[in-house]
Engineer: 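Below: one structure in structure tokens.
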Amino acid sequence: MSMPRHLASQPPFPRTRLRRLRQAGWARSLVAEHALRPADLVQPFFVLEGHGRREPVPSLPGVERLSIDLLLLQVERCARLGIPMVALFPCTPAERKTVDGREAWNPDNLLCRAIRAIKKAVPEIGVMGDVALDPYTTTGQDGIVADGVILNDETIEALVRQALCQAAAGCDVIAPSDMMDGRVGAIRKALDEAGHAQAIIMAYAAKYASAFYGPFRDAIGSASALGKADKKTYQMDPANVREALREVALDIAEGADIVMVKPGLPYLDVVARVKEAFGVPTFAYHVSGEYAMVKAAAERGWLDGARCMEECLLAFKRAGADGILTYAALEVAERLARQG
Ligand code: PBG
């Protein structure tokens, strides 16, 4: 990388001493280029059937699956702390899973009930719903499977139904996480035709076939369904970055309001390139495995969990992310509030 002109022209040592601006906290904070704010964070939740139910997720320390009544209390906490949006993922009971995942467009499914409950109890917070079939399929795949193949166009029809159903329940941000080709355009068109022109689309635009999703799949119970199968015919190859720009370009052209890169930390180069190339609102998902790594090391006393978590999230900001989905949103927002 060649040195930008304004850097090449700075006077050499001893006239320039970069440590001068690092000498004390007040000086460092004056020149800080980035800061973490609760307003940058999106808190994901796993929703359970029933009442008064909470279940810890062993591979996600500090994260619990919650029934809707308990979920509402946590969503209120988010709103109080200035977290602008929550993302919901349902833990669908096994008896409701099918090969085509039709529970996804049941207007009374767990997710739609949770959306309605939140929009009634905490209307000022944004609600994001994932559009993909994996919480609902017996295969654990995001799409409809026939003879071992994930069908693209048939899946789009299902995703459109799912998106309409979520929007009708009051979901503010529709987030296709399935990586089928052409789904953003189809969903935008259907939303507009159904009178949901205000529904925002946050596209999981560059989503990689990553091993870092493991704890998430434990949390929603798709891991056992998926077994040894993978998602490599639709999620991206971790080797690719130019292809990520193509994916993002298509999703923007099809009507995405916000694009997302996922996972986060191992893909910060992609976040930076996407932000620079397109300049549209760019989010990143600090996924379950990334969060679990910090928590696991902190439990062993190997890392300072709180400081590492904040350092990770700040790295997203530095790379150009406008927003970050992270399981640590609440704990980080709470610490920021205590620091004043
Ligand atoms: C489902 C979906 C996944 C995540 C978000 N939506 C998992 C997957 O694609 O298998 C992962 C989130 C995380 O790991 O925190 N389509």
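Start at 1 and go down the list; that is how both ligands and their atoms are numbered.
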Engineer: For atom 8 (C) of ligand 1, which protein heavy atom lies nearest, and how many Å away is it?
Structural biologist: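 Going by distance alone, atom 8 (C) of ligand 1 is nearest to Lys231 NZ, 3.2 Å.
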
Engineer: Measure the shortest side-chain to side-chain distance between Ser288 and Phe212 over non-hydrogen atoms and say whether it is less than 4.5 angstrom.
Structural biologist: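 Counting from C-beta outward, Ser288 and Phe212 never come under 4.5 Å.
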
Engineer: Quick one: look up the protein heavy atom nearest atom 15 (O) of ligand 1 and list residue, atom name and how far away it is.
Structural biologist: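 The closest heavy atom on the protein side is Tyr327 OH, 2.6 Å.
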
Engineer: Would you mind running through ligand 1 and noting each atom that sits below 4.0 Å from a heavy atom of Ala132?
Structural biologist: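 What qualifies from ligand 1 is 16 (N).
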
Engineer: Please determine if Arg217 and Asp134 form a salt bridge, counting it only when a charged side-chain N lies under 4.0 Å from a carboxylate O.
Structural biologist: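 Looking at Asp134 together with Arg217, the answer is no, because their closest N to O distance does not fall below 4.0 Å.
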
Engineer: Counting each atom of ligand 1 from 1 as listed, which ones have a heavy atom of Tyr285 under 4.0 Å away?
Structural biologist: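 Once the distances to Tyr285 are compared, the set is 12 (C), 15 (O).
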
Engineer: Does Tyr291 have a non-hydrogen atom less than 4.0 Å from ligand 1?
Structural biologist: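 No heavy atom of Tyr291 comes that close to ligand 1.
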
Engineer: Quick check on contacts: which atoms of ligand 1 are under 4.0 angstrom from a heavy atom of Asp130?
Structural biologist: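 Heavy-atom distances to Asp130 below 4.0 Å select 1 (C), 2 (C), 6 (N), 16 (N).
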
Engineer: Checking one residue: Leu110. Which other hydrophobic residues are in its cluster under the side-chain 4.5 Å linking rule?
Structural biologist: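 In the cluster with Leu110 are Phe45, Val47, Leu66, Ile68, Leu70, Leu71, Leu72, Leu73, Val75, Leu81, Ile83, Val86, Leu88, Leu111, Ile115, Ile118, Val122, Ile125, Val127, Tyr136, Leu330.
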
Engineer: Quick one: nearest non-hydrogen protein atom to atom 1 (C) of ligand 1, plus distance?
Structural biologist: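 Scanning the protein heavy atoms, the shortest distance from atom 1 (C) of ligand 1 goes to Asp134 OD2, 2.8 Å.
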
Engineer: Between Glu154 (side chain) and Gly143 (backbone), is there a donor-acceptor pair under 3.5 Å?
Structural biologist: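 Pair absent, no side-chain N/O of Glu154 close to backbone of Gly143.
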
Engineer: Can you list the ligand 1 atoms lying under 4.0 Å from a non-hydrogen atom of Arg217?
Structural biologist: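 Numbered from 1, ligand 1 contributes 8 (C), 10 (O).
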
Engineer: For atom 12 (C) of ligand 1, what is the closest protein heavy atom, and at what distance to 0.1 Å?
Structural biologist: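 Checked against all protein heavy atoms, atom 12 (C) of ligand 1 sits closest to Phe216 CD1, 3.3 Å.
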
Engineer: Other than Leu30, what residues sit in its cluster of Ile, Leu, Val, Met, Phe, Trp and Tyr side chains whose heavy atoms are under 4.5 Å apart, directly or through others?
Structural biologist: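 Leu21, Trp26, Val31, listed by chain and number.
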
Engineer: Tell me the protein heavy atom at minimum distance from atom 9 (O) of ligand 1, and give that distance in Å.
Structural biologist: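 Going atom by atom, the protein heavy atom closest to atom 9 (O) of ligand 1 ends up being Lys207 NZ, 2.7 Å.
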
Engineer: Is any side-chain heavy atom of Phe278 closer than 4.5 Å to a side-chain heavy atom of Val259?
Structural biologist: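 Phe278 does not reach Val259 side chain to side chain.
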
Engineer: Determine whether Val57 and Arg65 make a side-chain contact, defined as any pair of heavy atoms from C-beta on separated by less than 4.5 Å.
Structural biologist: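 Answer yes - side chains close enough.
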
Engineer: I'd like to know whether ligand 1 has Glu290 as a neighbour, heavy-atom separation below 4.0 Å.
Structural biologist: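 The answer is no: ligand 1 sits nowhere under 4.0 Å from a heavy atom of Glu290.
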
Engineer: Please step through ring-ring contact (aromatic ring centres under 6.0 Å, His included) for the pair Phe46 and Phe216, ending with a clear verdict.
Structural biologist: CA-CA 9 Å; Phe46 298 107; Phe216 173 96; 5.6 Å; yes

Engineer: Around atom 14 (O) of ligand 1, find the nearest protein heavy atom and jot down its residue, atom name and distance.
Structural biologist: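 The answer is Ser288 OG, 2.7 Å.
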
Engineer: Do me a favour and list the nearest non-hydrogen protein atom to atom 5 (C) of ligand 1 with residue, atom name and distance?
Structural biologist: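 Of every protein heavy atom, Lys262 NZ, 2.6 Å lies nearest to atom 5 (C) of ligand 1.
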
Engineer: For Asp322, is there an ion pair with Lys317 - N to carboxylate O distance below 4.0 angstrom?
Structural biologist: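 No, Lys317 and Asp322 are not salt-bridged.
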
